[in-house]
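Let me begin by presenting the structure, written as structure tokens, before commenting on it.
Every chain is numbered from 1, with letters handed out A, B, ... down the list of sequences. Computed from a predicted structure; not experimentally measured.
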There are 2 protein chains.
Amino acid sequence: MSAKPRIERAALEVFAAHGVDGATTKLIAARAEVSEGAIYRHWKSKDELAIGLFMAAHKRLSDLIEAEAGAVHGVEAKAAALVKAYCTAADEDWTLFSFHLLQLHHFLPYYQDDGRDPVTLVETIIKYAMLKMELPPGDPRVVAAMAIGVITQTAQNRAYGRLGEDALSAHAPLMTAAVQAVLMAR
Amino acid sequence: MSAKPRIERAALEVFAAHGVDGATTKLIAARAEVSEGAIYRHWKSKDELAIGLFMAAHKRLSDLIEAEAGAVHGVEAKAAALVKAYCTAADEDWTLFSFHLLQLHHFLPYYQDDGRDPVTLVETIIKYAMLKMELPPGDPRVVAAMAIGVITQTAQNRAYGRLGEDALSAHAPLMTAAVQAVLMAR
DNA sequence: AGTCGGTATGTGAGCATTTACTTGCAAGCG
DNA sequence: CGCTTGCAAGTAAATGCTCACATACCGACT
């Protein structure tokens with residue numbers, strides 16, 4: 001079988017476990033059962049490999065949020081959609097999702113600011129809902145952060161092994177109620 | 001002036017910016033205006049330096065939570081106390097706080113499981129409140145994660161430069177209301 | 001007060017090792 | 001054949017850390 005997908009999987013696992021800087025090309029190659037040189041047939045550098053994987057996760061999550069939230073109306077439903085988007089991303093590829101979650105700050109410099117990242121998307125939804133008086137007023141940046149925090153911290157604790165092996169979606173009802181509560185609270 | 005505190009400050013800044021693995025002893029020494037060797041007069045290794053700083057932040061935050069939450073009664077007040085504890089830690093030394101926040105997962109292996117970390121403390125408070133029927137039932141591990149997420153994600157976004165330069169405590173009222181809402185939501 | 005000696009602190013050149021990455025070669029394949 | 005994919009061995013640079021040496025500090029003893 002071709003080495004490229006094996007390398008991607010291996011890299012994902014190693015990056016998630018050790019961080020981008022802590023991961024070595026040797027480890028990735030060994031885990032993929034491939035020589036180190038094989039990596040460089042497909043990527044220019046270790047960082048390019050890492051960025052590619054990260055951006056894939058980033059795009060997937062953003063797309064899911066846009067799709068789910070765009071398909072429904074009203075803040076309550078949009079909150080549920082947000083939780084659903086995160087849970088779908090987490091359930092369909094937990095390694096990719098947790099890599100994105102835990103290594104986010106490593107890639108901040110590479111962020112293109114096109115407003116299509118999860119935080120900005122949620123911020124926009126909240127701003128709009130405030131305009132329509134569906135939400136009480138308040139700094140949308142903070143409200144967005146708090147709402148997302150409900151989900152991401154739960155996911156983080158799962159990644160840390162504090163929540164057992166259940167899928168993230170197992171906690172979706174609880175998270176949905178909490179996100180809705182955060183949005184309305186003031 | 002003695003080099004040790006200068007090294008601690010420099011290391012904190014470099015670790016927070018580049019991560020533990022991404023930080024080099026050369027960079028730390030340069031920033032502290034000290035030779036590399038000086039570091040090793042006070043610490044056995046780069047990792048020991050990092051762990052020491054991390055544990056200081058960890059202990060400070062845990063102590064604040066225990067003190068603030070222990071001084072009041074009722075979940076509402078304890079929620080406010082939790083927010084206050086985080087804000088105090090963040091305001092009194094933002095560099096130390098953000099280092100702890102962003103590099104947490106690097107130090108998970110070193111965690112001693114004495115129940116005195118922030119998450120477990122909050123979990124215990126929640127369990128007790130549920131027993132006393134002050135809170136609706138639900139997985140305390142998840143509820144604790146969600147409540148803490150409200151605060152930590154806000155802090156993270158501040159660290160990412162998305163919230164301006166205001167102190168974290170500037171958002172305390174909003175966060176307090178949100179945490180209380182999360183606790184009661186179901 | 002002065003000076004001796006031991007210890008703590010800081011230097012900077014340098015060490016062994018590890019790191020990301022390259023290169024020459026060969027096999028697979030349409 | 002021509003092109004892609006993979007390997008094994010290598011390279012130059014960087015990294016964490018050490019060590020011989022220099023200086024500052026500080027109490028004890030005359």
Between [N] atom [atom2] and [X] atom [atom1], what is the distance in whole Å?
| X | N | atom1 | atom2 | value |
| --- | --- | --- | --- | --- |
| B:Ile7 | C:dG10 | CD1 | P | 7 Å |
| A:Asp21 | D:dG16 | CG | C1' | 15 Å |
| B:Lys26 | D:dT15 | NZ | P | 7 Å |
| A:Leu49 | C:dA20 | CG | C1' | 12 Å |
| B:Glu33 | C:dG12 | CD | P | 13 Å |
| A:Ile39 | D:dG6 | CD1 | P | 11 Å |
| B:Trp43 | D:dG16 | CH2 | C1' | 16 Å |
| A:His18 | C:dT18 | NE2 | C1' | 15 Å |

With respect to the side chain of [X], which nucleotide from [options] is positioned closest?
| X | options | value |
| --- | --- | --- |
| A:Ser45 | C:dG10, D:dG16, C:dC21 | C:dC21 |
| B:Thr24 | D:dG16, C:dC21, C:dT11 | D:dG16 |
| A:His42 | D:dT5, C:dT11, C:dA20 | D:dT5 |
| B:Ala38 | C:dG14, C:dT11, D:dC7 | C:dT11 |
| B:Lys46 | C:dC25, D:dC17, C:dT11 | D:dC17 |

Under the 3.5 Å rule, do the base of D:dC7 and the side chain of A:Glu36 count as making a donor-acceptor pair?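 No pair found.
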
- Taking atom CZ of B:Arg41 and atom OG of B:Ser35, what is their separation to the nearest 0.5 Å?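 Between B:Arg41 CZ and B:Ser35 OG, I get 9.0 Å after rounding to 0.5 Å.
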
D:dT18 phosphate, OP1 or OP2: any side-chain N/O from B:Tyr40 under 4.0 angstrom?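 Indeed not, no polar side-chain atom of B:Tyr40 lies that close.
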
Are OP1 or OP2 of C:dA20 and a side-chain N or O of A:Thr25 less than 4.0 angstrom apart?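 Answer yes for this pair, as a side-chain N or O of A:Thr25 is under 4.0 Å from OP1 or OP2.
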
What nucleic acid atoms does A:Ala32 come within less than 4.0 Å of, heavy atoms only: base, sugar-phosphate, or nothing?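 Answer is nothing: A:Ala32 stays at 4.0 Å or more from every strand.
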
Classify A:Ala29 by what it touches in the nucleic acid, base, sugar-phosphate, or nothing, heavy-atom distance under 4.0 Å.
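Contact class for A:Ala29: none.
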
- Path from A:Phe107 to A:Ile148 over hydrophobic side-chain contacts below 4.5 Å: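 No: no chain of side-chain contacts under 4.5 Å links A:Phe107 to A:Ile148.
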
Checklist entry - If you pin B:Gly22 and A:Gly37 to their nearest nucleotides in DNA chain D, which one's is more 5'? => result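 By nearest-heavy-atom nucleotide position, the 5'-most residue is A:Gly37.
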
- Can you tell if the side chain of A:Tyr160 reaches within under 4.5 Å of the side chain of A:Leu102, non-hydrogen atoms only?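 Contact flag for A:Tyr160/A:Leu102 side chains = yes.
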
Which atom of A:Val20 lies closest to which atom of A:Gln103, heavy atoms considered =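 Nearest heavy atoms, A:Val20 then A:Gln103: N-OE1, 4.0 Å.
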
- Any idea how A:Tyr86 and A:Phe97 line up, ring-wise: parallel (<30°), tilted (30 to 60°), or perpendicular (>60°)?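 Perpendicular, since the angle between the ring planes exceeds 60°.
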
